[in-house]
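Since the structure is predicted, the reported quantities are computational estimates derived from the model, not experimental observations. These numbers come from the heavy atoms of this one structure, side chains and all, not from hydrogens, waters or symmetry mates. Numbering starts at 1 and runs along the sequence shown.
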Amino acid sequence: MSPELISILVLVVVFVIATTRSVNMGALAFAAAFGVGGLVADLDADGIFAGFPGDLFVVLVGVTYLFAIARANGTTDWLVHAAVRLVRGRVALIPWVMFALTGALTAIGAVSPAAVAIVAPIALSFATRYRISPLLMGAMVVHGAQAGGFSPISIYGSIVNGLVEREKLPGNELVLFLASLTANLVIAGVVFVVCGGLKLWAQGAVDESGDDDGSPAPATPTLPLEETTLTPSRTATLTSLLALVVAVLVFDLDAGLTAITLAVILSTLWPEDSRKATGQIAWPTVLLICGVLTYVGVLDEMGTITWAGEGVGGIGVPLLAALLLCYIGALVSAFASSVGIMGALIPLAVPFLERGEIGAIGMVAALAVSATVVDVSPFSTNGALVLAAAPDVDRERFFRQLMVYGGIVVAVVPAAAWLVMVVPGWG
């Protein structure tokens, strides 16, 4: 049995044990990385730790720490109130506001995880208060980020268009952007309907006072006066959140390090508000994500990902090879870097794209969509941020919901993208 196949089978075993025995999957993945990396791939400790996502660790800790402080001092409650006022109390519009907000952030240059890190805690705090499905709200935030993620000036768009140019393939920046925007908009619409969005429309507007026209207020929590008042700590926290956005978008600073720095400043100034914030950092989620991605790094180090991609690229039927590449992109991106897998798969597609049997523009668009819509997976950066940001939920249940939803997206979207974008032969 080849080392690559062994590493894939071990990954399956990790999933099975974590699902059936309720053991943290990250801890299992660290053990698997040690075993497979040391015994099968002959990697030393440095080689195993090469895949540890230190940047993601800092982002998860920093952002959840900052927003734990925001929850403790009532800033998120104040933002929830402002959001309700913005849409005149129509709770059903809030998921779409969050979709548009994250889409706008990524479209103008924010890295997708940074946009999700900024918006998700606010969106999920709102979902908790107004009994909106956390899966609905989390999915809207992530799909919003991916909807704007391939604009010509975005990070993803710039990377993919650069790859296309370097490989001397035909490209169309507008088609790439519109393909991602349309796909995520359609998916968001389906999720909105399936996860209770129509019931939110039927619910009508939230009556903040509970006595606007003499009729009873909807059965939703109302906001006490103290939650709508801007205190000095809330003003400072809002300033910190704005500073985080500016630091990430304008000055290209690291979101995690910036968030930790801002959180430390707030903790020093208002220790009473932030005393419990450290304990509210989503440590189990941090362990889970870092462990799984470390194992994926071992797979990359030992060539498993390249091995799988080359095996598909060697298939003699171009349309079938294109479909399998889309599925590999989706499956691997559910656990690893979307940009990284696109960078690996686009070059693998070049040989049969050059023969002219497959349209390059449509193929690149299908790969881009397949590799990014799956970021709702709890093992991806965006999915992990959503899982970590959800307050007052059963995290195991929410984790399973995200995993099932991510599995559905992996199963359905690549085939749909292939059918719509590749089969017609765009480009």
Next on the checklist: Between Thr268 and Val264, does the side-chain contact (heavy atoms from CB on, under 4.5 Å) criterion hold? Intermediate values first, please.
Outcome noted: CA-CA 6 Å; Thr268 303; Val264 168; 4.2 Å; yes

Item to check | Straight-line distance of Ile328 CD1 to Ser370 OG, nearest 0.5 Å | outcome: 11.5 Å

Checklist entry - Is there side-chain contact between Leu174 and Leu178, with heavy atoms separated by less than 4.5 Å? => result yes

Checklist entry - Quick one: side-chain contact (heavy atoms from CB on, under 4.5 Å) partners of Thr235, sequence neighbours excluded? => result Leu230, Thr239

Next on the checklist: Taking ring pair (Phe, Tyr, Trp, His ring centres under 6.0 Å) as the definition, give me every residue that meets it alongside Trp270, ordered by chain and number, with sequence neighbours left out.
Outcome noted: none

Checklist entry - How about Leu124 and Thr128: do any of their side-chain heavy atoms sit closer than 4.5 Å? => result no

Checklist entry - Pro113 and Leu385: which non-hydrogen atoms are nearest, and at how many Å? => result O-CD1, 3.2 Å

Next on the checklist: Ser377: which residues meet the side-chain hydrogen bond (donor to acceptor under 3.5 Å, both in side chains) condition with it, sequence neighbours left out?
Outcome noted: none

Checklist outcome for this item: What one should report as the nearest heavy-atom pair of Cys290 and Phe52 is CB-CE1, 3.7 Å

Checklist entry - From Ile187 CD1 over to Gln146 CD, what is the distance, rounded to the nearest 0.5 angstrom? => result 10.0 Å

Checklist outcome for this item: To the nearest 0.5 Å, atom OG of Ser133 lies from atom CG of Leu135 at 4.5 Å

Item to check | Worked check of side chain to side chain donor-acceptor pair (under 3.5 Å) between Asn73 and Thr75 | outcome: CA-CA 6 Å; Asn73 65 24; Thr75 303; 2.5 Å; yes

Checklist outcome for this item: Applying side-chain contact (heavy atoms from CB on, under 4.5 Å) to Val409 and not counting sequence neighbours gives Val373, Val374, Val376, Tyr405, Val413

Next on the checklist: Are Phe150 and Tyr156, when compared by the centres of their aromatic rings, separated by less than 6.0 Å?
Outcome noted: yes

Item to check | Ala390 versus Arg395, closest heavy-atom pair with distance | outcome: O-NH2, 3.0 Å

Checklist entry - Taking only residues two or more places apart in sequence or in another chain, which ones pass side-chain contact (heavy atoms from CB on, under 4.5 Å) with Asn24? => result Ala27, Pro284, Leu287, Leu288

Next on the checklist: Under the criterion side chain to side chain donor-acceptor pair (under 3.5 Å), I'd like the reasoning laid out for Ser333 against Asp375: C-alpha separation, chi angles, the key distance, then a yes or no.
Outcome noted: CA-CA 7 Å; Ser333 291; Asp375 280 359; 5.7 Å; no

Item to check | Pair Ser7-Thr304, side-chain donor/acceptor within less than 3.5 Å | outcome: yes

Checklist entry - So, do Ser267 and Tyr65 sit near enough that their side-chain heavy atoms are less than 4.5 Å apart? => result yes

Checklist entry - Any side-chain heavy atom of Val386 sitting closer than 4.5 Å to one from Val142? => result yes

Item to check | Min side-chain heavy-atom separation Trp283-Val61 under 4.5 Å | outcome: yes

Item to check | Shortest non-hydrogen contact from Pro378 toward Leu387 | outcome: CB-CD2, 4.4 Å

Checklist outcome for this item: With sequence neighbours left out, the residues meeting side-chain hydrogen bond (donor to acceptor under 3.5 Å, both in side chains) with Glu165 are none

Checklist outcome for this item: When every non-hydrogen atom of Pro170 is compared with those of Ile361, the smallest separation belongs to O-CG1, 3.8 Å

Next on the checklist: Tell me if the centroids of the rings in Phe30 and Phe34 come within less than 6.0 Å of each other.
Outcome noted: no

Next on the checklist: Measuring only between side-chain heavy atoms, which start at C-beta, is Ser240 closer than 4.5 Å to Leu266?
Outcome noted: yes

Checklist entry - So how far is it from Thr258 OG1 to Leu66 CG, rounded to the nearest 0.5 Å? => result 10.0 Å

Next on the checklist: Under a 3.5 Å distance rule, please check whether Trp78 uses its side chain to pair with a backbone N or O of Leu238 as donor and acceptor.
Outcome noted: no

Next on the checklist: Tyr327: which residues meet the side-chain hydrogen bond (donor to acceptor under 3.5 Å, both in side chains) condition with it, sequence neighbours left out?
Outcome noted: none

Checklist entry - So which pairs with a foot in residues 169-180 pass side-chain hydrogen bond (donor to acceptor under 3.5 Å, both in side chains), sequence neighbours left out? => result Ser180-Asn184

Checklist entry - Which residues satisfy the side-chain contact (heavy atoms from CB on, under 4.5 Å) test with Ala243, sequence neighbours excluded? => result Leu262

Checklist entry - Considering only heavy atoms from C-beta outward, does the side chain of Trp418 approach that of Met363 to under 4.5 Å? => result no

For residues 8-17, which side-chain N or O atoms pair as donor and acceptor with protein atoms under 3.5 Å away, sequence neighbours left out?
none

Checklist outcome for this item: On a heavy-atom basis, the closest approach of Ala115 and Thr106 is CB-CG2, 3.7 Å

Checklist entry - In Å, rounded to the nearest 0.5 Å, how long is the span from CD1 of Ile132 to CE of Met137? => result 4.0 Å

Next on the checklist: Applying salt bridge (charged side-chain N to carboxylate O under 4.0 Å, His left out), can you list everything that pairs with Arg400, at least two apart in sequence or on another chain?
Outcome noted: Glu396

Next on the checklist: Just to verify, what does Thr102 make a side-chain hydrogen bond (donor to acceptor under 3.5 Å, both in side chains) with, not counting sequence neighbours?
Outcome noted: none

Checklist entry - When rounded to the nearest 0.5 angstrom, what distance separates CD in Glu272 from OG in Ser233? => result 11.5 Å

Checklist entry - Does Phe99 reach the side chain of Phe192, with side-chain heavy atoms less than 4.5 Å apart? => result no

